[in-house]
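Comments concern the structure below.
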Amino acid sequence: MGENMMQSKISQGKRGIILIILAFLFLTAPSEAAAPAKPAKPAGLLIRMERIPDPQMNNATAMTVALPNGWKIKEKQVAWNFAMISDPAHLFLGVEGPSDDAYFGMASDIRYAYGQYVLELGMLVKQPLSPADFIKELLFSDKEISDVKIRKVSKPEAPAAALSQYASAYVKGLAANARVTTDLALVEYTCAKKGRRYEGAVLCGIMYTQMNNFVLWQTKSLIFIHAHEGKLAAHEKGIAAIMANSAINPAWIETVGQITNYLQKQKINAQQAQIMANDAALKRQMRETHEHIMKNQRDVYNDRQASMSRVNQGWTDAITGTDRWSGGGSTYSAPTGYGYAWQGPNDQTYYTNDSGFNPNQSSNFSGDWSQMKKVP
């Protein structure tokens, strides 16, 4: 899986060790007296926003990504394959941390199918697996890594509940006989790669959509993190900030849905012309079904995006816990533990425990900043 690696809950013990090490480094640091005077660097968490454009849509924003101090986008891609009429667009994001090969990755939905007629719908064919088995298959098939050891397989409650809510919204746009069930797994592991040991974890949710002639097996929430073994705890707040504030653009999702419906309609029309040209009743039923889907599409996609945001939030809460902050008509999230928050230009946010700090009075910050309030 290359960079596709990730991690879950960080133990309190590891946090304590890190705090002790940081305190030791601080107490034994050389004196600053002889060094040239420099503006004090901010000690809190600064988050900037970056947008991933879709070249196929005239560079419209496909996703907004939160980048904490020291993190940068290493890989980003919006890929289209119009031959795959059931799933033409895919997003991939890879964010690199400031040290320890820390990495956060996210892949959008992958749809597989099993049963009759699936090739006609332009689907990838694969017999359904549990999310845990699917993750293990990805890990053990990666040629760049070796000595994979599965440490733990679990099912975090918050992401699992949010995925169920997502499925409830998803089924609204399907045929009346469709049945959707969900499953989710978090697989924590260690491995060797290029002479180093790594620790990581992968979170994957799966929806099973049962129709008359096939089963649609769709991955959701494919999220992965990794770092050098024993170092991942040091990056937990950065990972949590990325998860809590990054989001796929609902307008982009809606447009992808419209294009998907168009491609499927063209396929259906071609089939009708060939084998059902004289079946007026069937044509009328298909037209009415399509009109119903289009009428409710905006609400369906908005519901889906809100539910997927809850999946992300549940995963963030599983890492460090999250506080919500309100400012300028928007709500932002940050790992729990900060007492003060500021909102700046271009959706930048800054979180600190320094009650006397004001970014408007610091040379490290530009533009106008306003203080935010914690949401109860």
Treat each ILVMFWY residue as a node, draw an edge where side-chain heavy atoms are under 4.5 Å apart, and state whether Leu93 and Met57 are in one component.
yes

In short, ring pair (Phe, Tyr, Trp, His ring centres under 6.0 Å) pairs touching residues 126-162 with sequence neighbours left out are Phe134-Trp217

Paired with Asp100, the side-chain hydrogen bond (donor to acceptor under 3.5 Å, both in side chains) test is passed by just one of His235, Lys231, Arg196, namely His235

Check: Just by modelled atom types, is the Tyr332 backbone N or O under 3.5 Å from a matching donor or acceptor in the Asn245 side chain?
Finding: no

ask   = Sub-3.5 Å donor-acceptor pair from the side chain of Asn346 to the main-chain atoms of Gln348, do we have one?
value = no

Examine distances only and state if a side-chain atom of Tyr350 and a backbone atom of Ala341 form a donor-acceptor pair shorter than 3.5 Å.
no

Practice item. Report yes or no: does Thr352 contribute a side-chain atom to a donor-acceptor pair with the main-chain N or O of Asp354 at less than 3.5 Å? Key: yes

Tyr189 six-ring centre to Lys136 NZ/CZ under 6.0 Å and within 45° of normal:
no

Do Met49 and Leu67 share a hydrophobic cluster (ILVMFWY, side-chain heavy atoms under 4.5 Å, transitive)?
no

Taken to the nearest 0.5 Å, the spacing of Ser154 OG from Leu186 CG works out to 4.0 Å

Donor-acceptor pair, side chain of Asp147 and main chain of Ala192, under 3.5 angstrom
no

A side-chain contact here means heavy atoms from C-beta on lying under 4.5 Å apart; do Leu45 and Pro335 qualify?
yes

In this structure, CZ of Phe224 is separated from CG of Leu138 (nearest 0.5 Å) by 9.5 Å

**Study point:** Stepwise side chain to side chain contact (heavy atoms under 4.5 Å, CB included) check, Thr209 with Arg179
**Key:** CA-CA 6 Å; Thr209 305; Arg179 291 181 296 162; over 6 Å; no

When Val153, Val202, Ile206 are each screened for side-chain contact (heavy atoms from CB on, under 4.5 Å) with Pro131, the one that passes is Ile206

* To do: Please report the C-alpha distance between Tyr351 and Met372 in whole Å, then the side-chain angles of each, then the deciding distance to 0.1 Å, and finally whether the side chain to side chain contact (heavy atoms under 4.5 Å, CB included) criterion is met.
  => CA-CA 10 Å; Tyr351 306 89; Met372 295 191 291; 4.1 Å; yes

To the nearest 0.5 Å, atom NE2 of His228 lies from atom NZ of Lys193 at 9.5 Å

**Q.** Hphob cluster co-occupancy, Ile47 + Phe365, side-chain heavy atoms under 4.5 angstrom
**A.** no

Taken to the nearest 0.5 Å, the spacing of Thr349 OG1 from Trp369 CH2 works out to 7.0 Å

| said: Quick one about Thr190 and Arg151 (side-chain donor to acceptor, distance below 3.5 Å, no hydrogens or angles considered), yes or no? | reply: no

For Val95 and Val65, the nearest pair of non-hydrogen atoms, with its separation, is CG2-CG1, 4.3 Å

Taken to the nearest 0.5 Å, the spacing of Cys191 SG from Leu139 CG works out to 7.5 Å

Original post:
Any donor and acceptor pair, going by atom type alone, linking the side chain of Ser362 with main-chain N or O of Asn358 inside 3.5 Å?
Top reply: no

Asp101 and His226 side chains, donor-acceptor separation under 3.5 Å:
no

In short, side-chain hydrogen bond (donor to acceptor under 3.5 Å, both in side chains) pairs touching residues 49-64 with sequence neighbours left out are Arg51-Asp347, Asp54-Trp80, Asp54-Trp252

Those residues at least two apart in sequence (or on a different chain) that pass salt bridge (charged side-chain N to carboxylate O under 4.0 Å, His left out) with Asp368 are none

For Glu157, the salt bridge (charged side-chain N to carboxylate O under 4.0 Å, His left out) test, sequence neighbours excluded, returns none

Of all heavy-atom pairs linking Leu91 and Ser108, the shortest is N-OG, 2.7 Å

Indicate yes or no for a side-chain donor-acceptor contact from Asp133 to the backbone of Leu129 under 3.5 Å, with no hydrogens or angles considered. no

Scanning both residues in full, the closest heavy-atom pair of Ala102 with Ala227 reads CA-CB, 4.0 Å

Margin query: Less than 4.5 Å apart, side chain to side chain, heavy atoms only: is that true for Ser355 and Tyr340?
Written below: yes

Sorted by chain and number, sequence neighbours left out, side-chain contact (heavy atoms from CB on, under 4.5 Å) with Glu96 holds for Lys72, Lys74

Contacts of Thr322 meeting side chain to side chain donor-acceptor pair (under 3.5 Å) (sequence neighbours excluded), chain-then-number -> Gln313, Asp317

If hydrophobic clusters are built by linking Ile, Leu, Val, Met, Phe, Trp and Tyr wherever their side-chain heavy atoms come under 4.5 Å apart, do Ile135 and Phe92 end up in the same one?
yes

Between Leu184 and Lys155 the two heavy atoms that sit nearest each other are O-CG, 3.4 Å

Examine Ile242 and Met63 and state if one hydrophobic cluster contains both, with Ile, Leu, Val, Met, Phe, Trp and Tyr joined whenever side-chain heavy atoms are less than 4.5 Å apart.
yes

Within the structure provided, determine whether Tyr198 and Glu229 are in side-chain contact (heavy-atom separation under 4.5 Å). no

Scanning both residues in full, the closest heavy-atom pair of Asn69 with Gly44 reads ND2-O, 3.6 Å

Interatomic distance, CE@Met207 vs CG@Asp183, rounded to 0.5 Å, equals 12.5 Å

Nearest heavy-atom approach of Pro98 to Trp71 is CD-NE1, 3.7 Å

If you count every heavy atom of other residues, nucleotides or ligands that lies below 6.0 Å from Lys374 atom NZ, does the total exceed 12?
yes

So, the side chain of Ser246 versus the backbone of Met243: is there a donor-acceptor pair under 3.5 Å, distance only? no

Answer yes or no: is there a donor N or O on one side and an acceptor on the other, between the side chain of Glu199 and the main chain of Gly230, under 3.5 Å?
yes

Are the side chain of Ser330 and the backbone of Ser326 linked by a donor-acceptor contact shorter than 3.5 Å?
no

